[in-house]
Participant: 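Take this structure first; my questions come after.
Remember, it's 1-based here, ligands and their atoms both numbered in the order they're listed. Every heavy atom of this structure was used, including side-chain atoms; hydrogens, water molecules and symmetry mates were not.
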Amino acid sequence: MSEIESNLNAVRSRIEAARGRSPWHQAVTLVAVTKFHPYAAMEEAVRCGVTDVGENRVQEMEKKFRMGTLPVRWHLQGHLQKNKVKKAVAAADLIQSGDSPELLAEIGRRASEIGKRQDVLLEFNISGEATKYGLAPEDLNAVCAAAQAIPGIAVRGLMCMAPNEAPELTRPVFRRARGMWERMKTLFPEGQISVLSMGMTNDFEVAVEEGATMVRIGTAIFGPREYK
Ligand SMILES: *Cc1c(COP(=O)(O)O)cnc(C)c1O
């Protein structure tokens, strides 16, 4: 068994155990975060049943996207600059980092140009850290209304990151995110909001306990990243 395979097995059982402790009984999708890891690592993860992969940078996603025909859904989850939106829309199945109204409008414009309706998540900066991108929680209603008026996008849910702290300290952030996500479901047509993306290597069990339907995990599957 490869290291990636045994890591994946361990991550999956930890997700299952956390799901058992969650009051929501939700299904959880695992996004394997492949950024800074080679294409071969992605192939191995797919061989072991991974269906969703996440990248932070458009160039890296595009490069891997062109390298083959892996049967995966591509998630873009890093802050997206406006001049990269066209390329992002060409490759991504779900853009998780919808972190400003201007960016959402640009995504909609570029998607419409190619006859696509781009699935996006609204990224909220729930902890209010100055170093983080994201929409302000108090703008939830206004942003949802604005997003619904953009024809080229379909909002599917909410993404957030907790502060990089002891996992237990992240719980209030995830709990608030779940509350905001429940509210979002009332603001969009029935069934449209289905993704609550939260939880990374450090804190995914707490996120699942608090109702995450999608976790984004890199290090626990692929090991530490080498930033070149
Ligand atoms: C890098 C990254 C992840 C994965 O982080 P790990 O700690 O390696 O699991 C998840 N989400 C976002 C937005 C990231 O930038």
Side-chain angles (χ1 to χ4, degrees), residues 3-4 6-15 18 28-39 41-42 44-45 48 50-64 72-81 84 88 91-100 103 107 119-135 156-171 173-174 177 181 195-228:
E3 200 174 328
I4 288 174
S6 61
N7 288 347
L8 265 170
N9 289 345
V11 164
R12 286 187 178 122
S13 33
R14 287 169 63 191
I15 291 172
V28 178
T29 301
L30 169 63
V31 176
V33 177
T34 46
K35 65 185 182 201
F36 290 96
H37 291 287
Y39 187 74
M42 186 181 266
E44 172 60 6
C48 302
V50 161
T51 56
D52 293 75
V53 295
E55 289 283 340
N56 274 46
R57 297 175 311 163
V58 177
Q59 284 105 312
E60 189 176 352
M61 181 172 74
E62 213 199 7
K63 190 169 152 235
K64 288 172 177 163
V72 289
R73 284 181 290 274
W74 295 82
H75 298 251
L76 187 70
Q77 53 179 32
H79 174 66
L80 180 55
Q81 286 163 325
K84 307 245 169 73
D93 292 290
L94 180 63
I95 297 178
Q96 298 207 11
S97 42
D99 59 17
S100 74
L103 180 64
I107 293 171
D119 284 340
V120 299
L121 301 183
L122 302 182
E123 179 179 357
F124 282 92
N125 181 2
I126 293 178
S127 56
E129 291 163 275
T131 52
K132 281 203 164 73
Y133 288 102
L135 299 154
R156 296 294 176 195
L158 184 154
M159 188 269 251
C160 71
M161 277 189 275
N164 191 8
E165 283 171 358
E168 201 45 47
L169 297 177
T170 63
R171 192 177 296 279
V173 170
F174 293 143
W181 185 70
V195 181
L196 176 56
S197 175
M198 58 187 192
M200 316 183 0
T201 290
N202 175 53
D203 53 22
F204 70 89
E205 285 152 308
V206 180
V208 170
E209 286 169 11
E210 294 300 328
T213 72
M214 181 174 281
V215 292
R216 310 176 308 269
I217 301 180
T219 309
I221 299 171
F222 301 107
R225 289 179 281 273
E226 280 177 38
Y227 295 101
K228 287 160 250 155

Participant: In Å and rounded to the nearest 0.5 Å, what is the CG to CD distance from L76 to E60?
Facilitator: 10.5 Å
Participant: Find the distance between CD1 (I221) and CG (L30) and round it off to the nearest 0.5 Å.
Facilitator: 4.5 Å
Participant: Just verifying a value: how many Å separate K64 NZ and E55 CD, rounded to the nearest 0.5 Å?
Facilitator: 3.5 Å
Participant: Between ligand 1 and the protein, give all atom pairs where both partners are nitrogen or oxygen and the distance is under 3.5 Å, as lines of names plus distance to 0.1 Å.
Facilitator:
{"unit_1": "ligand 1", "atom_1": "8 (O)", "unit_2": "T219", "atom_2": "N", "d": "2.8"}
{"unit_1": "ligand 1", "atom_1": "8 (O)", "unit_2": "T219", "atom_2": "OG1", "d": "2.6"}
{"unit_1": "ligand 1", "atom_1": "8 (O)", "unit_2": "R225", "atom_2": "NH1", "d": "2.7"}
{"unit_1": "ligand 1", "atom_1": "8 (O)", "unit_2": "R225", "atom_2": "NH2", "d": "3.2"}
{"unit_1": "ligand 1", "atom_1": "9 (O)", "unit_2": "T201", "atom_2": "N", "d": "3.0"}
{"unit_1": "ligand 1", "atom_1": "9 (O)", "unit_2": "T201", "atom_2": "OG1", "d": "2.5"}
{"unit_1": "ligand 1", "atom_1": "9 (O)", "unit_2": "G218", "atom_2": "N", "d": "2.8"}
{"unit_1": "ligand 1", "atom_1": "11 (N)", "unit_2": "R216", "atom_2": "NE", "d": "2.8"}
{"unit_1": "ligand 1", "atom_1": "11 (N)", "unit_2": "R216", "atom_2": "NH2", "d": "3.4"}
{"unit_1": "ligand 1", "atom_1": "15 (O)", "unit_2": "K35", "atom_2": "NZ", "d": "2.8"}
{"unit_1": "ligand 1", "atom_1": "15 (O)", "unit_2": "N56", "atom_2": "OD1", "d": "3.4"}
{"unit_1": "ligand 1", "atom_1": "15 (O)", "unit_2": "N56", "atom_2": "ND2", "d": "2.8"}

Participant: Under a 3.5 Å distance rule, please check whether T29 uses its side chain to pair with a backbone N or O of M214 as donor and acceptor.
Facilitator: no
Participant: Using atom types as modelled and distance alone, determine if a side-chain donor or acceptor of W74 lies under 3.5 Å from a backbone N or O of V53.
Facilitator: no
Participant: How many angstroms lie between CG in D203 and CD1 in I217, if you round to the nearest 0.5 Å?
Facilitator: 9.0 Å
